[in-house]
Amino acid sequence: MESPDLFMEQALAQARRAVGLSEPNPRVGCVIASAGGQVLGEGHTQRAGEAHAEIMALRDAASRGSNVKGATAYVTLEPCSHQGRTGPCCDALAAAGIGKVVAALQDPNPLVAGRGLERLRAAGIEVHLGAGASASRELNIGFFSRMVRRVPWLRMKLAASLDGRTALENGASQWITSEAARADGHRWRSRAGALLTGIGTVLQDNPRLDVRHVPCARQPDAVVVDSRLETPPDAHIFVPGRRLFIYTALDGSPQRALLEARGATVIAMPGPGGKVDLAAMLRDLAQREVNELHVEAGHKLNGSLLREGLVDELLVYLAPKLLGLGQGMAHLGPLTDLGDAVSLEFQSSQSVGPDLRLLARIPGRDRF
């Protein structure tokens, strides 16, 4: 007989299959097991508006001819209890005759927040909570951030030489890191709800800012911070069928109509000094259902985001090269005291081709 912990691990493996697919919904997996330890059905959350993990597992069980009455459902997040794009999963489990539900943790969505568990108990279903909680929360760090903090989880990606240069003095930056690192970076892009850059990068590199080096079920939204509304209407950032948000400090510019005609949503969000109010921008993106915001920008915008305390973690690729003079990772300005440095905690390090990938988090940013 397989252990309950193993069934939850299988459910978490299912949840990971929803990365890059289920946004803005959380990444959830479900495994239904018999009292004798046999897997009867399993599944993960599909695209927004399509079936959730519990429904997929029930469908899988039906396709196998499995009887789920009295069985245990292992779910990586509390089954939903509200009518959203789909119906309540807690009701579907009860109607199927599930006898016990083991959920990794409670859903932070105020529309759920324990109500799903309460309805399961009211239906006579035994409920347990806690197994796999840490892994499920980390997998859904952006969803939790949006629900609890009302802002996306902001991950800043950097590709630099060993001496911390992201470009030469003349601005040349393609390519400092290897093809393997670029493909790995696109895997991280694929898990984000939106990809953000600044107008400087748009004008200098003319990026598409999409996912193309790895398979991708859905393209993340694109976001440009463009204080003076200088985005060219023929820039590569305009990708058919993808949402593009341009945040500006100007209101009433004639350029706005040109950009909106190309399909962009232009949002005037002025802040001090004629710049975009970056904190307000993050709150707005959360309202637009962005869970994880992946930033690939120049040193000026990177510096602004760090100085304002808006960055949650850094994804850094270091190439075994020394470039000497050039552009740094972030323009933070001169410090007079080491105590004023931006402190980080390393989460992981891994070789990617010839390069080194570091994941570092601002201390305490995940405690919400």
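Residues: numbered from 1 along the sequence shown.
- E292 and H294 form no side-chain donor-acceptor contact under 3.5 Å, judged by distance and modelled atom types alone.
- In this structure, the separation between CZ on R243 and OG1 on T265 is 8.0 Å, given to the nearest 0.5 Å.
- With no hydrogens or angles considered, no side-chain donor-acceptor pair links Y247 and D277 at under 3.5 Å.
- A 4.5 Å side-chain heavy-atom check between M281 and L285 finds at least one atom pair inside the cut-off.
- Salt bridge status for D251 with R256: present, with a side-chain N to carboxylate O gap under 4.0 Å.
- A salt bridge does not link R365 to E345: none of the charged side-chain nitrogens sits closer than 4.0 Å to a carboxylate oxygen.
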Exercise for the section: For salt bridge (Lys or Arg N to Asp or Glu O under 4.0 Å), just list the numbers for E23 and R191, CA-CA rounded to whole Å, side-chain angles, deciding distance to a tenth of an Å, and then say yes or no. Expected result: CA-CA 9 Å; E23 280 73 17; R191 67 173 285 153; over 6 Å; no
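- Note: H299 and H331 have perpendicular aromatic rings, judged against thresholds of 30 and 60 degrees for the angle between ring planes.
- The shortest non-hydrogen separation linking P24 to A48 is CD-CB, 3.9 Å.
- With respect to the salt-bridge test (charged N to carboxylate O, under 4.0 angstrom), the residues R115 and E78 do not qualify.
- A53 and G43 get closest at one heavy-atom pair: CB-O, 3.8 Å.
- Pairing each heavy atom of I55 with each of C89, the nearest pair is CG1-SG, 4.2 Å.
- Judged by distance alone, the side chains of R146 and N291 do bring a donor and an acceptor atom under 3.5 Å apart.
- Contact detail for A217 and L21: the closest heavy-atom pair is CB-CD1, 3.8 Å.
- Residues V276 and A249 come closest through the heavy atom pair CG2-N, 3.9 Å.
- Looking at R119 and D91, a side-chain N of the basic residue comes within less than 4.0 Å of a carboxylate O on the acidic one, giving a salt bridge.
- L77 and P108 get closest at one heavy-atom pair: CD1-CD, 4.5 Å.
- Geometrically, R137 engages F144 in a cation-pi contact defined by less than 6.0 Å to the ring centre and at most 45° from the axis.
- Annotation: side chain of I199 is in contact with side chain of T231 (closest heavy-atom distance under 4.5 Å).
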Exercise for the section: Applying salt bridge (Lys or Arg N to Asp or Glu O under 4.0 Å), run through D210 and R242 and close with a yes or a no. Expected result: CA-CA 10 Å; D210 59 4; R242 178 181 70 171; 5.4 Å; no
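- In this structure, CD1 on I246 lies 9.0 Å from CD on E260, to the nearest 0.5 angstrom.
- Between E313 and R155, at least one side-chain N (NZ, or NE/NH1/NH2) sits under 4.0 Å from a carboxylate O, which counts as a salt bridge.
- Taking the charged nitrogens against the carboxylate oxygens, R16 and E138 have no contact shorter than 4.0 Å, which rules out a salt bridge.
- With hydrogens and angles left out, the side-chain atoms of N25 and T45 include no donor and acceptor closer than 3.5 Å.
- Look at R149 and D312 and you find a salt bridge, because one of the NZ, NE, NH1 or NH2 atoms lies within 4.0 Å of a carboxylate O, short of that distance.
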